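Heads up, the thing below is written out as structure tokens.
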Amino acid sequence: MAVTLDMSAPAGLVSEKQARRSIRADRAFFLLTLGSATLVVVMLLGVMVSLVIGAWPALAKFGFSFIWTERWSPVKEIFGALAPIYGTLVTSAIAMAIGIPISFGIAIFLTEICPQGLRRPIGIAIELLAGIPSIIYGLWGFFILAPFLQTSVQPFLINTLGNVPVIGVLFGGAPYGIGLLTAGIVLAIMVLPFITSITRDVFLTVPVLLRESAYGMGMTTWEVVRNIVIPYSRVGLVGGIMLGLGRALGETMAVTFVIGNSHRISASLLSPSTTISAAIANEFTEATGQLYTSSLVALGLILFVITFAVLAAAKWLLIRTELK
Amino acid sequence: MASYSRRRATNIVALSLAGFATFIGLFFLAAILVTLIVYGAPAITPKIFLQNTPPPGSDGGLANAIFGSVAMTVIAIIVATPIGILAGTYLAEYSRGSKLGEAAKFINDILLSAPSIIIGLFIYTVMVVPFGHFSAWAGAASLGLIALPVINRTTQDMLGLVPNALREAAAALGAPRWKTMTHVIYRAAGSGILTGVLLAVARVTGETAPLLFTALNNQFWSTDLSRPIANLPVVIFQFAMSPYNDWQRLAWGGALIITAAILVLNVTARLLSNIGASK
């Protein structure tokens, strides 16, 4: 990395001493940047190692059955991760089911329909949703959304969809306000800006030539989006969705407010539940005994493995579309 | 093939739905901001900045929590900024095309989106357990670890925008590489990198999950960084979940303060990057 010197020191202009100092400074700067970059990598490894070490007592005691045991009893020191895993997956699934169509809609609006002058302001407004901290979503979800759902939406769901065979199970029980559905809706709002901004960016990678040719063939705007834009940007879209999913899986505070924190699996989406991150946030400081703490860290390890896999897949897909 | 009128009808329905989706997104933003102002504004009095968090059922402010949040954020950013910029420099300038560099970029991006509660667990293990108590230092460390990948990533992006001609020109003048970086490239990318730092501050300001078990909370004014310290997000969480009206009112006030601060940071960062882009 000191090669620049060949150019920087024509004979006679720079004394040998200056040149040597220059090499040393170059070397030092290089090592400094290398060290910083290494530190970032070491941090991630540190996170992994510390989680495995912290989770070890619980994993050694319960083995793999930790993953599919539902029981969570701090008093009897029996811990199983099934309920939080279930809650995490179901809330994220609801968030995706609601968030993806809305995000796609916004992206289509911003790239195809919106008047030029409004694109930036609307785009910025949607991105501001990403700036609002998760605790604010939690506060809003708990004091505004949950009571609203409890008094108007949930009774309606119970009385209509609740009576339909098969899917009726999903909407049974009492309207608690807080629970899986509420958490899913809050998460959907939170992932909106992430999925929207990536969707919009990959939509814009579609060559103008393709787009214009399609219009020239007489396609309507919707047909262009459906038959040209979406197929062309398919891989990037999946990448954006995965990135949003990674966010939803790991989101903590917003969910902690509205999930109800109950280690139980019930079929109804209206019932209180818990997620991995909410369980850790709620119980970690109060956990007594090594096994309890260790079980919570083991939950964290599971969450880390899941999000790592999802984010890595997202990254890989987005690199393939050369949009990083 | 469907008839033309049918295709046109489909088109109108689909595009209206897209417009409706945009309305929903904007509606939620407005709903959240309006709620914050309606519930939070009455709590914003001079008292909220001057008095400490009260015991349940009495009046008070958030002075100690605001101080704790600012102190931890400042420490986190002071530590994370140089490391983030240097790491970004290595990944953008020195490791171009190398496998190892690509891997490090990948890992940084994973760290960027990793759940913050996991970062909290990590800092708890390495900084709280060994010392035997929660501390402001641990809180600052967890915030710093969240800010680091943000700064690293924006630095990479911003250095990537600096034209190669500048590097070549500096090299042709005989400047060694470190001098090229510090005197030419950093200046060219300066406003962009600053944007990254501001975004990192915005990101860190609202973080709650990692502080729950690193900085914990403190009912009193404390400037001792080796003890637990009050901070806005955790106070908001605790007060909002409490049954006391006074506490809930303060929680809304705190929420408004935090959100306003973050939105101002975001807008400033945007303006800065616009200035940088139009230069």
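All chains are named by letter (A, B, ...) in the order of the sequence lines, taking the proteins before the strands, and each is independently numbered beginning at 1. In this text, all values refer to a predicted model and were calculated from it rather than measured experimentally.
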State which residues pass ring-ring contact (aromatic ring centres under 6.0 Å, His included) with A:F284; sequence neighbours excluded, sorted by chain then number.
B:Y124, B:F213

Rounded at 0.5 Å granularity, tell me how far CG in A:L31 sits from CG in B:L86.
11.5 Å

Would you mind checking which part of B:L211 comes under 4.5 Å of any heavy atom in chain A, side chain (CB onward), backbone (N, CA, C, O), both or neither?
neither

Per-residue contact mode, B:N108 against chain A (heavy atom under 4.5 angstrom)
both

Among A:F304, A:F257, A:F308, single out the residue with the greatest number of heavy-atom pairs under 4.5 Å to chain B.
A:F257

Okay, B:L15 and chain A: the region with an atom under 4.5 Å from a heavy atom over there is both

Residue-level interface, residues 38-51 of chain A with chain B, non-hydrogen cut-off under 4.5 Å:
A:L39, A:V40, A:V41, A:M43, A:L44, A:G46, A:V47, A:S50, A:L51

Check whether B:L148 gets within reach of chain A through its side chain, its backbone, both or neither, counting any heavy atom under 4.5 Å.
side chain

Between B:S113 (side chain) and B:I110 (backbone), is there a donor-acceptor pair under 3.5 Å?
no

Under a 4.5 Å cutoff for heavy-atom pairs, which residue among A:A314, A:G54, A:A312, A:S134 has the most contacts with chain B?
A:A312

List the atom pairs, donor and acceptor, that lie under 3.5 Å between side-chain atoms in residues 120-133 of chain A and the rest of the protein, sequence neighbours left out.
residue : atom : partner : partner atom : Å
A:E127  : OE1  : B:R270  : NH1          : 3.4
A:E127  : OE1  : B:R270  : NH2          : 3.0
A:E127  : OE2  : A:R200  : NH2          : 3.1

A:E112: which residues meet the salt bridge (Lys or Arg N to Asp or Glu O under 4.0 Å) condition with it, sequence neighbours left out?
A:R211

For A:E223 and A:T220, run side-chain hydrogen bond (donor to acceptor under 3.5 Å, both in side chains): C-alpha distance rounded to whole Å, both residues' side-chain angles, the deciding distance at 0.1 Å, then the answer.
CA-CA 5 Å; A:E223 284 166 345; A:T220 61; 3.3 Å; yes

With respect to B:T89, which candidate in B:L159, B:I185, B:T182 satisfies the side-chain contact (heavy atoms from CB on, under 4.5 Å) definition?
B:L159

Would B:D157 and B:R153 pass as an ion pair if we require N to O under 4.0 Å?
yes

